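What follows is one structure encoded as structure tokens, with my remarks underneath.
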Amino acid sequence: MHYCSDDTFDVNLEAIEPDFRFYYDCLMGPNSRSLLNAMKKMGELGKIRIIANGHGPLLYHHLDVLRECYQGWSQRQAKAETIVALFYVSGYGHSERLAQAIAQGVQKTEVGVEMIDLTSAEIQEIQELAGRAAGIIIGMPPSANAAAHAAISSLLAVVKSKQVIGLFECYGGDDEPIDPLRRKFLELGIKEAFPAIRIKETPTKATHQLCEEAGTDLGQLLVRERNIKQIKSIDANLEKALGRISNGLYIITSKKGDVQGAMLASWVAQASIQPLGFTVAVAKDRAIDSLMQVGDKFVLNVLEEGNYQELKKQFLKRLQPGADRFAGVKTQTAKNGSPILTDALAYMECEVVSSIECSDHWLVYCTVQDGRVSKPDGITAVRHRKVGNYY
Ligand SMILES: Cc1cc2nc3c(=O)[nH]c(=O)nc-3n(C[C@H](O)[C@H](O)[C@H](O)COP(=O)(O)O)c2cc1C
């Protein structure tokens with residue numbers, strides 16, 4: 001994990017858990033099958049007393065719990081019914097990092113990802129994975145890499161029209177152009193899940209965010225039908241009863257470096273007085289999730305009754321990955337750097353303190369450092385719902 005403290009060992013499980021999980025999700029999850037194999041081999045070594053990672057604390061006190069986590073997460077991941085195959089060339093340009101960002105985005109939708117290096121994998125292995133995957137993502141290899149090109153040709157022989165595709169450049173300087181390959185997939189009747197990612201400048205955090213959002217778009221496309229079926233199967237009385245839980249309407253806005261994000265939210269509830277704090281439930285596949293990790297700062301904007309339709313519309317609009325969510329919106333900058341919506345009734349400057357995994361959402365607990373109300377007698381917009389299986 002990318003965790004640094006004065007402790008040499010994993011003494012404080014609670015402190016390291018979020019980073020342990022985050023690292024797994026970003027880097028290990030997409031390789032769950034290899035991980036399960038590696039753990040099997042580790043098992044053959046007999047009793048393991050310490051795992052000394054290259055970075056992060058040495059795993060000693062909680063070795064069993066931490067190993068069980070890796071085992072459980074990987075088994076779940078490997079069993080995911082819907083899989084996306086991600087082909088890239090490791091060690092070339094920015095390929096690996098971009099591939100990981102896309103994989104992370106896909107996984108937010110609970111779709112599994114398996115990553116394969118086009119240069120070192122066997123053709124049969126590539127074809128087997130491409131044949132069973134619901135979606136295929138390819139990072140363009142360098143023009144001169146004959147092995148990678150042979151691998152891509154072998155892929156074209158096994159893909160099916162009901163699969164979806166996503167293509168990205170790796171910014172390696174001599175990437176094979178995207179268009180000829182893209183055309184071949186489209187001619188085979190394969191749908192493009194996100195516009196091909198063409199990278200013209202050295203990738204930044206914003207590029208990685210764009211890649212993550214593109215991955216989430218692809219995952220959402222694959223799970224949409226499954227989710228609709230699940231929602232329909234919920235008991236009608238139960239869903240109507242749950243629909244009587246009402247909340248206000250808010251917009252979360254955040255800026256971290258050159259990456260910004262926003263989300264309309266209604267599952268917000270005050271949770272503590274000392275310090276002042278509240279929770280917000282954030283669906284696991286939300287783009288804003290990466291800006292709401294422990295320690296992140298953001299602004300909670302409260303929408304006003306009778307004066308929120310414009311903002312609501314603006315923040316629900318479907319945008320292409322990487323597009324500016326704040327275009328045409330009046331904002332000011334909060335002390336913590338996030339945008340305040342000038343037309344909101346009130347705002348609060350907040351910090352994420354912890355989050356609990358609640359099935360398909362993260363319940364994020366935040367404390368409030370500062371805030372203002374723009375109209376003393378304004379009232380909060382309230383969301384009244386008919387059913388409880390939507391916001
Ligand atoms: C009235 C309303 C309230 C919402 N509340 C929440 C919420 O509390 N938590 C959440 O994760 N999504 C909520 N959503 C969904 C997101 O606002 C919306 O789908 C999201 O901004 C799209 O972002 P994405 O690109 O990350 O999918 C709500 C949507 C609506 C219409």
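Atom set for the values below is all heavy atoms of this structure, side chains included, hydrogens, waters and symmetry mates excluded. Computed from a predicted structure; not experimentally measured.
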Residues at least two apart in sequence or cross-chain that pass side-chain hydrogen bond (donor to acceptor under 3.5 Å, both in side chains) with Thr342, listed by chain then number, are Gln332

Only distances under 3.5 Å count here; give the side-chain donor-acceptor pairs of residues 35-58 to other protein atoms, sequence neighbours excluded, each with its distance to 0.1 Å.
{"residue": "His55", "atom": "ND1", "partner": "Met1", "partner atom": "O", "Å": "3.0"}

Pair Phe326 + Phe315: ring centers closer than 6.0 Å: yes

Distance-only donor-acceptor check, side chains Gln369 and Asn336, under 3.5 Å: no

Does Ala147 have any side chain to side chain contact (heavy atoms under 4.5 Å, CB included) partners at least two apart in sequence or in another chain, and if so, which? Thr119, Asn145

Going by an N to O cut-off under 4.0 Å, is there a salt bridge joining Asp25 and Arg21? yes

With a 6.0 Å cut-off (strictly less than), is the heavy-atom count around CG of Leu316, excluding the residue itself, greater than 12? yes

Counting heavy atoms not belonging to Lys330, are there more than 12 under 6.0 Å from its NZ? no

side-chain hydrogen bond (donor to acceptor under 3.5 Å, both in side chains) partners of Glu114, counting only residues at least two apart: Arg33, Arg132

Side-chain donor-acceptor contact under 3.5 Å, Ser374 with Tyr347: no

If only atom types and distance count, is the side chain of Glu176 paired as donor or acceptor with the main-chain N or O of Pro141 below 3.5 Å? no

Gln209: which of Lys205, Glu213, Glu212 passes side-chain hydrogen bond (donor to acceptor under 3.5 Å, both in side chains): Glu213

Salt-bridge present (Lys335, Glu349; N to O < 4.0 Å): no

Non-neighbouring partners of Tyr60 that pass side-chain hydrogen bond (donor to acceptor under 3.5 Å, both in side chains), sequence neighbours left out: none

Given the side-chain rings of Tyr70 and Phe20, with only the six-membered ring counted for Trp, is the space between their centroids under 6.0 Å? yes

Partner set under side-chain hydrogen bond (donor to acceptor under 3.5 Å, both in side chains) for Lys240, not counting sequence neighbours: none

If you draw a 6.0 Å radius around CD in Glu305, do more than 12 non-hydrogen atoms from other residues or ligands fall strictly inside? yes

